[in-house]
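Note on naming: letters A, B, ... go to the chains in the order of the sequence lines (proteins, then strands), and numbering restarts at 1 for each one. Not measured: the values here are computed from a predicted model. No hydrogens, no waters, no symmetry mates; every other heavy atom, side chains included, goes into these values.
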Number of protein chains: 4
Amino acid sequence: MTPRYSETNRRQARKEVRQRLIEAAIQEFAQNGYDGANVNTISVAAGFAKGTIYNYFPSKKELMFAILGESGSAHFDFIAEQIREEDDPILRVKCFFEAGFAFVEEDPARGQVLVSTLYGTHSEFKERLYQVYQPMFQLVAEEILAPGIVQGVFRQMDPADTSVMIMTFYLGTASSVDTSGKPWLSPGKVADFVLNAIRSNQ
Amino acid sequence: MTPRYSETNRRQARKEVRQRLIEAAIQEFAQNGYDGANVNTISVAAGFAKGTIYNYFPSKKELMFAILGESGSAHFDFIAEQIREEDDPILRVKCFFEAGFAFVEEDPARGQVLVSTLYGTHSEFKERLYQVYQPMFQLVAEEILAPGIVQGVFRQMDPADTSVMIMTFYLGTASSVDTSGKPWLSPGKVADFVLNAIRSNQ
Amino acid sequence: MTPRYSETNRRQARKEVRQRLIEAAIQEFAQNGYDGANVNTISVAAGFAKGTIYNYFPSKKELMFAILGESGSAHFDFIAEQIREEDDPILRVKCFFEAGFAFVEEDPARGQVLVSTLYGTHSEFKERLYQVYQPMFQLVAEEILAPGIVQGVFRQMDPADTSVMIMTFYLGTASSVDTSGKPWLSPGKVADFVLNAIRSNQ
Amino acid sequence: MTPRYSETNRRQARKEVRQRLIEAAIQEFAQNGYDGANVNTISVAAGFAKGTIYNYFPSKKELMFAILGESGSAHFDFIAEQIREEDDPILRVKCFFEAGFAFVEEDPARGQVLVSTLYGTHSEFKERLYQVYQPMFQLVAEEILAPGIVQGVFRQMDPADTSVMIMTFYLGTASSVDTSGKPWLSPGKVADFVLNAIRSNQ
DNA sequence: CATGAATGAGTATTCATTCAT
DNA sequence: AATGAATGAATACTCATTCAT
């Protein structure tokens with residue numbers, strides 16, 4: 001009967017709180033893994049009381065799903081945008097690794113959550129992750145590899161298989177960090193390795 | 001005084017029990033991850049009562065350490081033995097992936113435990129794993145890459161870095177299985193990709 | 001100064017909202033019991049937001065008290081009105097069970113709340129219920145049994161004790177329903193049983 | 001490999017602990033109802049630590065089921081044994097109420113749990129209770145009412161319906177206690193009421 | 001050595017209630 | 001008066017570990 005403070009403000013506030021919770025959750029999951037993570041800690045770390053998180057996510061599992069979804073599309077958007085600024089397939093490969101490494105470096109926790117989920121034991125999460133990363137696999141296959149093959153700068157290959165290998169390689173290398181958090185390998189080196197593998201040798 | 005024989009028998013029996021426990025533990029860890037694994041379940045699956053496992057391992061953590069040590073050397077021995085039967089660096093690369101994939105296929109649980117630990121969040125385990133895998137990195141660098149570079153069949157490169165990339169690639173691809181447990185990629189395809197990346201182009 | 005009309009309207013509106021809340025609460029309590037009931041759900045089921053109910057009842061407990069009071073007098077009024085239309089004590093007994101069963105059948109949720117409270121564990125509620133049902137016990141004792149004894153159609157007995165037995169019997173039988181919600185026993189059968197028990201045998 | 005302390009002792013000990021837990025649980029459920037009961041409190045009241053109860057019952061719900069089963073058969077055995085010592089149907093009715101009231105008086109908590117379950121809102125428990133009380137309904141119908149009808153001391157009636165009424169009456173009256181815990185009605189009065197209702201009037 | 005009962009710290013989740021708007 | 005976000009106490013249940021037998 002009585003309206004309260006503007007519907008839009010309310011929505012906006014909810015979104016922000018939700019985002020804060022997701023970010024706190026990513027830190028916690030990155031540090032302790034899904035099973036080791038403490039939901040109450042997440043809520044408190046985000047600046048709320050224990051129970052608040054349940055006003056936003058019905059369960060720990062759904063919270064994780066939300067993170068996977070959000071991360072997948074953020075990851076894709078970040079990389080796709082930069083790749084599409086290049087035309088040359090070779091530059092796109094370089095750009096792919098540079099953008100990819102940058103993404104992980106900017107938010108290492110997110111990267112950690114993604115790989116540990118990918119190689120972890122919770123099949124529901126893995127399956128969701130594959131769904132969510134489908135666009136990225138396609139991006140590599142269709143907007144990097146296929147054009148390069150057509151143009152003759154890449155050797156003949158199955159773009160789908162190769163896309164899987166490149167993604168595997170990317171995820172493995174970008175998230176391999178030493179104890180200080182620095183990645184062991186530079187995007188340049190990794191890109192060179194991959195380019196050597198796929199370039200046609202004229 | 002106990003006669004010598006019974007002493008030896010006892011030692012032998014202990015070893016066998018220990019091994020059975022380790023194998024049961026690998027299954028459990030593979031299925032549920034370290035945090036999700038249940039120590040009692042492991043003991044029972046090995047054919048003992050709940051408490052027995054604590055006569056062999058002082059804690060869940062030490063049990064995990066034991067598995068990592070055992071798996072690392074088993075993995076290394078299995079691969080090293082086969083590689084050393086070849087002389088040609090290129091064949092050694094192919095052999096490396098074939099042996100590696102075979103190892104994982106023969107004992108997928110062990111493979112799962114290794115990758116999930118490698119990309120997991122328990123830094124103590126990760127560190128131990130790096131230690132344990134040191135010989136494997138060296139094997140690739142010194143017994144595959146270095147000779148190939150010297151012989152001119154591989155391009156100039158830093159064997160250490162490249163070894164890391166190859167291992168990353170191997171672990172990622174060998175343990176990427178679809179829901180039926182079949183790996184997505186064949187060792188041949190992966191080996192070819194890597195060979196293209198490292199061969200010198202005369 | 002507020003004009004008189006709007007004041008009355010406001011009172012009226014409050015009453016209606018209160019009633020809607022009570023009815024929603026009866027459904028919820030009937031379905032889930034007092035402990036299992038969810039206050040927010042009640043408010044929402046009544047068509048309001050979660051918090052609204054607290055503008056009408058200071059606590060879950062007070063809400064329950066309100067229900068008990070309201071139900072008790074509704075129950076009494078419903079039955080008393082019909083009984084008093086009969087003069088003959090025997091007909092009054094029959095009428096009592098018919099009216100009683102009808103009341104429960106018309107609003108089974110209310111019936112359920114009453115019995116589950118009566119036989120439940122919350123002594124505060126039980127005590128309130130006894131208070132509230134005092135008039136009903138008196139009705140049976142003084143307006144059904146006592147006249148019948150005086151007229152000689154009922155045997156000599158303690159009207160108070162017998163009233164307790166009859167009420168117990170009524171509540172137990174009227175609220176025993178099978179899974180489809182149909183009562184197991186008809187008011188006729190139950191009334192006959194009771195009449196046999198109290199009739200004088202000339 | 002090594003046996004431990006005699007299997008039979010073990011079994012015996014487990015049984016005793018289980019029984020202690022059940023008894024503590026009955027007290028707790030009687031006092032607070034199923035929803036209000038605290039599982040940890042039960043375990044502690046039985047003289048164990050919080051977790052112990054879960055070594056005996058997989059969940060609160062299963063604990064409740066165990067209580068219902070145990071109580072149903074204890075109740076039946078207690079009453080059946082005494083009834084069968086009488087031959088006369090009329091004495092059996094008296095005996096039924098005396099034994100029934102005695103059962104409840106000896107262990108009022110058990111009685112409270114039974115009625116509050118019977119009139120409560122947990123349909124799973126109610127259904128189990130009906131199952132468990134089936135033998136008691138039969139006892140009344142077949143070993144009290146039917147013989148009396150045949151012998152002509154009870155009037156013609158449907159033994160099944162009447163059995164339901166008698167049980168309803170019994171449960172309602174036996175468990176109606178005032179605040180001091182004394183029942184409002186004596187078994188004698190209740191039995192007389194019932195006998196009047198069912199006796200044939202020669 | 002093997003056993004399995006007991007332990008109790010730890011955790012996800014629920015929900016009555018408050019209160020700023 | 002109505003709203004719904006925030007709160008935090010409360011609780012069922014898990015499981016690594018201990019230890020008497």
- Task: Give the rounded distance in Å between these two atoms: CG of C/Asn32 and C1' of E/dT14.
- Result: 13 Å
- Message: Heavy-atom nearest nucleotide on DNA chain E for D/Phe48 versus A/Gly36: which residue maps closer to 5'?
- Response: D/Phe48
- Query: So, do B/Tyr130 and B/Leu118 sit near enough that their side-chain heavy atoms are less than 4.5 Å apart?
  - Reply: yes
- Item | Atom-pair distance (CD1 on D/Ile42; P on F/dT11), nearest Å | 12 Å
- Item | Touch class at under 4.0 angstrom, heavy-atom based, for B/Ala13 against every strand present | nothing
- Answer with yes or no whether the side chains of D/Asn32 and C/His122 bring together a donor and an acceptor at under 3.5 Å. no
- Query: Within less than 4.0 Å of OP1 or OP2 of F/dT3, is there a side-chain N or O belonging to A/Arg10?
  - Reply: no
- Message: Nearest heavy atom decides the nucleotide; on that basis, is A/Gly47 or D/Tyr34 closer to the 5' end of DNA chain F?
- Response: A/Gly47
- Ignoring the backbone of C/Asn40, work out which of E/dA16, F/dT17, F/dA1 is nearest its side chain. E/dA16
- For B/Gly120 and A/Ser116, work out which heavy atoms get closest and say how close. CA-CB, 4.3 Å
- Cut-off 3.5 Å, side chains only: do A/Gln12 and A/Glu16 have a donor facing an acceptor? yes
- Message: Using whole Å, what does the distance between atom P of nucleotide F/dA6 and atom NZ of C/Lys50 come to?
- Response: 10 Å
- Query: Hey, where does DNA chain F pair up into stems, meaning at least three consecutive Watson-Crick or G-U pairs with distances under 3.5 Å?
  - Reply: E:2-21 with F:2-21
- Message: Using 0.5 Å steps for rounding, measure from the CD1 atom of D/Ile53 to the CG atom of D/Leu21.
- Response: 5.0 Å
- Relative to each other, are the rings of D/Tyr119 and C/Tyr119 parallel, tilted or perpendicular (30° and 60° limits)? parallel
- Message: Rounded to whole Å, how long is the line connecting atom CG of A/Asn55 with atom P of F/dG4?
- Response: 13 Å
- In whole angstrom, what separates C/Tyr54's OH from E/dT18's P? 7 Å
- Item | Rounded distance (Å) that lies between atom P of E/dT13 and atom CE of A/Met64 | 14 Å
- E/dT13, E/dA2, F/dT3: which one has an atom nearest the side-chain heavy atoms of B/Tyr56? E/dA2
- Message: Can you identify which nucleotide, out of F/dA16, E/dA6, F/dA12, has its nearest atom closest to the D/Asn38 side chain?
- Response: F/dA12
- Query: Any chance the rings of C/Phe65 and C/Phe125 have centres within less than 6.0 Å?
  - Reply: yes
- Got a sec? Which of residues 21-31 of chain B come in under 4.0 Å of DNA chain E, heavy atoms? none
- Query: With no hydrogens and no angle check, do the side chains of C/Gln31 and C/Gln27 hold a donor and an acceptor under 3.5 Å apart?
  - Reply: no
- Query: To the side chain of A/Val39, which of E/dA12, E/dA16, F/dA5 is closest?
  - Reply: E/dA12
- In terms of side-chain geometry, is the basic nitrogen of C/Glu70 or C/Arg110 positioned less than 4.0 Å from the acidic oxygen of its partner? yes
- Message: For the residue pair A/Glu23 / A/Gln19, report whether a side-chain donor-acceptor contact shorter than 3.5 Å exists.
- Response: yes
- Rounded to whole angstrom units, what separation is found between the CZ atom of A/Arg11 and the P atom of F/dA5? 11 Å
- Task: Quickly work out the C/Lys60 NZ to E/dT14 P distance and round it to whole Å.
- Result: 15 Å
- DNA chain E: D/Gly51 or C/Asp35, which has the more 5' nearest nucleotide? D/Gly51
